[in-house]
Amino acid sequence: VDLSAQIANMSVKNLFLNASGIHCQTEQELDELMNEPVSGAMVTKSMTPKSRFGNPLPRYYRLANGSINSMGLPNQGFDYYMDYLKNHDQKKPIIVSVAGMSKEEDLEMLHQLQDNDDYQGLTELNLSCPNVIGKPQMAYDFEAADDLLHEVFSFYKKPLGIKLPPYFDLVHFDMIAEVLNKYPLSHVNTINSVGNGLWIDTNSETVVLKPKGGFGGVGGSMVLPTALANVRGLRQRLNDDIKIIGTGGVTNGRDAFAHILCGAEMVSIGTQLYEEGLQTFERVTRELTDIMEAKGYTSLGDFRGKLKVIE
Ligand SMILES: C=Cc1c(C(=O)O)[nH]c(=O)[nH]c1=O
């Protein structure tokens, strides 16, 4: 099922999904997401060809208004997730997230997905992992991202989206959109965590994460302004047929409403889902429904992308 098909009969009910990395690494976590009644889709932890332990612990830390992580791409490996797809009926679309440690690994996994006749799913190429030691975030290198996508779309013909890091300059929105509009992407998922933040325990005068001297991706409510800007900036610049999954900073119905006003077709929840658990989906959906009812909206289309500016 590609995202646009999923969106065709979109309602509040199936608007939400987990952010990749959250509650989606093991078979048990994936089963719990699959059986969660409210979320409309789900996404796997970004996978690499072989399973990875990831970075040394501590590698996740909860902040007052968010989180910081340097997980280092821990995942069970490509074959594990392919087996999961084969052995479980899909009660909801599962987005397969792919994040090779190199361009070669990205291409290797995408070739396998393309050549697997049993696989008809929606794939998301993660170009934005900030925590693999020594590996830059590909999506900050516009030329390299263009080259990779050119090569990918020379053979990959199934629905494919990409996960982007946040950009912080309107010219960068222009530049990445110029690249992405050249390709038949099903969607863009924005934002990934805000890369290479740093948190300090001032009592011990020490960083809180072990990997990379404490540098890690920042998520949660404190990144909502950046997430909204990236959803809005890319919606204003991307071809209409490239849908946007809004990710970043969603803790309640009002945050989700804001993402949709900026143009998000679906909304994913990460830090809040990790901290509060799967009941987050039911709570945020209820809160969003209450807001829509109070405003007299009966469908997401009544307000999606209709953010007003001050004339
Ligand atoms: C796939 C690796 C990622 C990771 C990670 O595994 O460290 N953390 C993030 O916040 N975003 C990612 O994209």
Side-chain angles (χ1 to χ4, degrees), residues 17-26 29-30 42-63 65-78 80-81 95-103 105-106 109-110 123-141 145 148 161-167 176 187-199 207-224 226-227 230 245-250 268-275:
L17 68 159
N18 63 304
S20 179
I22 306 301
H23 213 101
C24 57
Q25 186 173 332
T26 64
E29 288 177 328
L30 292 167
M42 57 193 273
V43 60
T44 67
K45 169 66 185 174
S46 295
M47 60 192 72
T48 49
K50 298 279 175 285
S51 68
R52 283 172 56 86
F53 174 80
N55 288 339
L57 281 70
R59 59 192 192 183
Y60 176 91
Y61 190 85
R62 179 179 182 181
L63 303 171
N65 50 2
S67 66
I68 186 168
N69 89 84
S70 188
M71 308 302 286
L73 246 176
N75 74 96
Q76 313 298 96
F78 183 82
Y80 178 96
Y81 298 104
I95 300 174
V96 168
S97 177
V98 162
M101 300 291 282
S102 63
K103 175 175 175 177
E105 289 195 356
D106 284 335
M109 289 185 281
L110 290 171
T123 305
E124 188 173 279
L125 178 58
N126 182 349
L127 299 181
S128 50
C129 179
N131 301 322
V132 176
I133 295 164
K135 181 173 174 283
Q137 293 177 84
M138 165 80 80
Y140 285 152
D141 180 338
L148 174 61
I162 61 169
K163 181 76 172 279
L164 291 176
Y167 298 96
I176 190 63
H187 73 282
V188 157
N189 187 332
T190 181
I191 63 172
N192 204 321
S193 54
V194 174
N196 294 297
L198 182 64
W199 189 255
V207 299
V208 297
L209 300 181
K210 179 167 182 178
K212 291 176 58 176
F215 286 71
V218 176
S221 60
M222 79 173 88
V223 306
L224 182 61
T226 295
N230 277 263
I245 297 178
T247 303
V250 176
S268 45
I269 307 176
T271 299
Q272 189 63 31
L273 186 66
Y274 179 75
E275 295 295 342

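Below, each value reflects all heavy atoms present in this structure, side chains not excepted, and no hydrogens, waters or symmetry copies. In each ligand, atom 1 is the first atom listed, and ligand 1 is the first ligand listed.
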Within reach of ligand 1, part of S20 (heavy-atom separation under 4.0 Å) = neither
ask   = About how many Å separate CD1 of I68 and CG of L63, when rounded to the nearest 0.5 Å?
value = 6.5 Å
task = Can you sort out which atoms of ligand 1 are near N69, meaning under 4.0 Å from one of its heavy atoms?
result = 4 (C), 5 (C), 7 (O), 8 (N), 9 (C), 10 (O)
message = Distance under 4.0 Å to a non-hydrogen atom of N131: what atoms of ligand 1 satisfy this?
response = 4 (C), 5 (C), 7 (O), 8 (N), 9 (C), 10 (O)
task = Under 4.0 Å from a heavy atom of P130: give me the atoms of ligand 1 that qualify, with their elements.
result = 9 (C), 11 (N), 12 (C)
key: Identified side chain to side chain contact (heavy atoms under 4.5 Å, CB included) partner of Y81 from the options V96, V98, N75   = N75
key: Test of proximity, A99 against ligand 1: N or O pairs below 3.5 Å   = no
query = Quick one: does ligand 1 sit under 4.0 Å from the side chain of K45, the backbone, both or neither, non-hydrogen atoms only?
reply = side chain
request  = Could you establish whether K163 and ligand 1 come within less than 4.0 Å of each other, counting only heavy atoms on the residue side?
outcome  = no
task = For atom 11 (N) of ligand 1, grab the closest protein heavy atom and report residue, atom and distance to one decimal in Å.
result = N192 OD1, 2.8 Å
query = Taking heavy atoms and a distance under 4.0 Å, where does V132 meet ligand 1: side chain, backbone, both or neither?
reply = neither
key: Numbered atoms and elements of ligand 1 in range of L73, under 4.0 angstrom, heavy atoms   = 1 (C), 2 (C), 5 (C), 6 (O), 7 (O)
query = What atoms of ligand 1 come within less than 4.0 Å of a heavy atom belonging to G72?
reply = 5 (C), 6 (O), 7 (O)
key: Part of S46 within contact of ligand 1 (heavy atoms, under 4.0 Å)   = side chain
query = Can you check whether N69's main-chain N or O pairs, donor with acceptor, with N131's side chain at less than 3.5 Å?
reply = yes
query = How many angstroms lie between CD in Q76 and CD in Q25, if you round to the nearest 0.5 Å?
reply = 5.0 Å
inquiry  = Could you tell me, atom by atom, which parts of ligand 1 come under 4.0 Å of a heavy atom of M71?
reply    = 5 (C), 6 (O), 7 (O)
message = Are more than 12 heavy atoms, taken from residues, nucleotides or ligands other than F215, located less than 6.0 Å from that residue's CZ atom?
response = no
key: Side-chain donor/acceptor of N65 to backbone N/O of S221, under 3.5 Å   = no
inquiry  = Looking at ligand 1, would P74 count as a contact under a 4.0 Å heavy-atom criterion?
reply    = yes
request  = Step through the shown structure and confirm whether more than 12 heavy atoms of other residues, nucleotides or ligands are within 6.0 Å of NZ on K103.
outcome  = yes
inquiry  = Minimum distance, heavy atoms only, to atom 9 (C) of ligand 1: which one of G217, P165, S193, G216 is it?
reply    = S193
ask   = For N55 and K212, does a side-chain donor sit closer than 3.5 Å to a side-chain acceptor?
value = no
For S20, the option from S268, C129, S97 that meets side chain to side chain contact (heavy atoms under 4.5 Å, CB included) = S97
note = shortest atom 3 (C) of ligand 1-to-protein heavy-atom contact is with C129 SG, 3.0 Å
ask   = What do you reckon, is OH of Y167 surrounded by more than 12 foreign heavy atoms closer than 6.0 Å?
value = yes
